[in-house]
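Take a look at the structure below.
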Amino acid sequence: MKRRLFSLVMIPLLLFSSHAVMAEEKSEEWHDETIYFLMTDRFMNGDHSNDEQVNNGDPAAYQGGDFKGAADQLDYLQEMGITSIVISPVFENEPGAYHGYKVTDYSKMNEQFGTKKELQQLVKKAHELNMRVLVDFPATRVSTEHVWVSDPEKDGWITSKSSPQEPAWLGNMAELNTSNKDVQKSLVDAADSLADDTGIDGYFFSDASRAEPAFWTAFAERLSDLHLIGEMKDVTPEEGAAYEEAGLDAVTASWLQQPLREQFATIDRPSDAVKELLVKEQEVMKNPLSTIHVTDSVFTDRFTLDMANENMFPGARWKMALTYMYTTPGTPAIFYASEIAQNGESGIDSHGLMNFRTDQELVDYIKQIAVLRSDLPALRRGTYEPIHEKDGMSVFKRQYEDETLIVAINNTGETQKVTIPAEDLDPEKELRGLLAGDMSRAAEGEFTIILDREEAEIYALAEKTGINYAFIGAMVTVYVTFIIFLYLVWKRGKRAA
């Protein structure tokens, strides 16, 4: 909490300093967003009238979360710095499929989550809070009970009516023939219709890389006003770039997910792999700043499980990982309940109910780094220049227009010291820490950064601090006013006696 207060105080002081860090109003560009993946059924039950399939005694059954519950908690997400949410698939599903991926009819809504009108209300409230809403749209595989599967006129629409899926907890599903133009048109029609009816801002196409890049071109052409994100699995940056070229606005960085998890699950891990992949993104991706960076998802083990397997404290691990994700180029995305370090293996075990009453330490830290990412354009739009990378100690520069930031993350078990040639920055300025208040001035031609183990700092290159007479005068005025106020209260109380 102290750190959060420090950053909230320091940022305005820097902004008022001559030639210091410049702020700007929130832009509507998508690479400025911070995304939260929300599993509707496990988030919040706001309407018990749609609880027909709910069984809170069975973790494999619906638990009652719905559109109204999500709408009721938008303030919580906004306070945490979330600017966009991706909600679970909303279409009709086979009984018990709380996750939404076993679609049985794209023309109907999943009544367990609410009505189309309630989805409209969720979108409306989000827009009032300047937040965006995307819907997860499974377009490559459906339930074995989908209406197309039993329709003899649509035999060419399905490549397999029942196939084991990965992850295994999905069971058997029917696989769509994504090379069939009729399949493509029907899916685009469904997406267009839902968007028209609800006002959503875009789609997240889970398992998008199961289809060829060209499959998504029709979606991009028809839904040009929406933001379209494709989920990649086991692809390279070059392969991901092909999906952007085909029309998707952004893709998830599947190539970065496992290296990120390996680097931050514990301390002292080699960290060159992630750095090199970030550099590669800048080179090959069409919209590298919009590339989505995630650590876990609805289909994976929880990242917290990796930490637990390493016998590490999840709070510190998550702080390091999230600081890295929020300060490197790309768009950070959080899977629901990561802020409370939710644990579990892929499937039901990892899809626990969201608990809004847990320890707030990690939530408060996320709020703190979200404030910095929002207020400092270089963290969202700046260039990326690695300065130092060795076994978990990462230092890099982000620069945008006149704003220069140095990010240092010590993901090791010891205090680390890194020096930066003053000529690479500006020897006449100083580095001012915005997370913990560290400061460094050039000495003997170098800036020196010293960080304790498992700590991070974001430094702003700013004019050297001098005697700020205006600030001192303001503080004196406040102090004198307060003393006068106390005197008047005391005097009034004495008269009353």
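Reckoned from all heavy atoms, side chains included, excluding hydrogens, waters and symmetry mates. Model, not experiment: these values are computed from the prediction.
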(message) N180: which residues meet the side-chain contact (heavy atoms from CB on, under 4.5 Å) condition with it, sequence neighbours left out?
(response) W157, N177, D182, V183
(message) With rounding to the nearest 0.5 angstrom, report the CH2 to CD1 distance, W318 to I366.
(response)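 It comes to 8.0 Å.
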(request) State the CG-NE2 distance between D151 and H146, to the nearest 0.5 angstrom. (result) 10.5 Å
(request) Using a strict 4.0 Å threshold on nitrogen-to-oxygen distance, state whether E33 and R132 make a salt bridge. (result)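 Salt bridge: yes.
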(request) Indicate, with yes or no, if the rings of F303 and F264 have centres closer together than 6.0 Å. (result) no
(request) Please find out if less than 6.0 Å separates the ring center of Y324 from that of H293. (result) no
For [X] and [Y], take the angle between the two ring planes, folded into 0 to 90°, and tell me which bin it lands in: parallel under 30, tilted 30 to 60, perpendicular over 60.
| X | Y | value |
| --- | --- | --- |
| Y101 | H99 | parallel |
| F219 | F205 | perpendicular |
| Y98 | H351 | perpendicular |

(request) Determine, stepwise, if the pair E238 / K280 fulfils salt bridge (Lys or Arg N to Asp or Glu O under 4.0 Å). (result) CA-CA 9 Å; E238 290 83 356; K280 175 64 73 174; 3.6 Å; yes
(request) Report the C-alpha distance between E454 and R317 in whole Å, list the side-chain angles of each, state the deciding distance to 0.1 Å, and finish with yes or no for salt bridge (Lys or Arg N to Asp or Glu O under 4.0 Å). (result) CA-CA 8 Å; E454 298 184 86; R317 303 286 82 235; 2.9 Å; yes
(message) With a sphere of 6.0 Å drawn around CD of E111, does it hold more than 12 non-hydrogen atoms of other residues, nucleotides or ligands?
(response) no
(request) Report yes or no: does E175 contribute a side-chain atom to a donor-acceptor pair with the main-chain N or O of R141 at less than 3.5 Å? (result) no
(request) Begin with the C-alpha distance, continue with both residues' side-chain angles, and end with the deciding distance and a verdict on side-chain hydrogen bond (donor to acceptor under 3.5 Å, both in side chains) for Q342 and Y336. (result) CA-CA 9 Å; Q342 181 81 270; Y336 91 98; 4.7 Å; no
(message) Determine whether E403 and R398 satisfy the following criterion, salt bridge (Lys or Arg N to Asp or Glu O under 4.0 Å), listing intermediate values before the conclusion.
(response) CA-CA 8 Å; E403 179 180 284; R398 303 295 308 276; over 6 Å; no
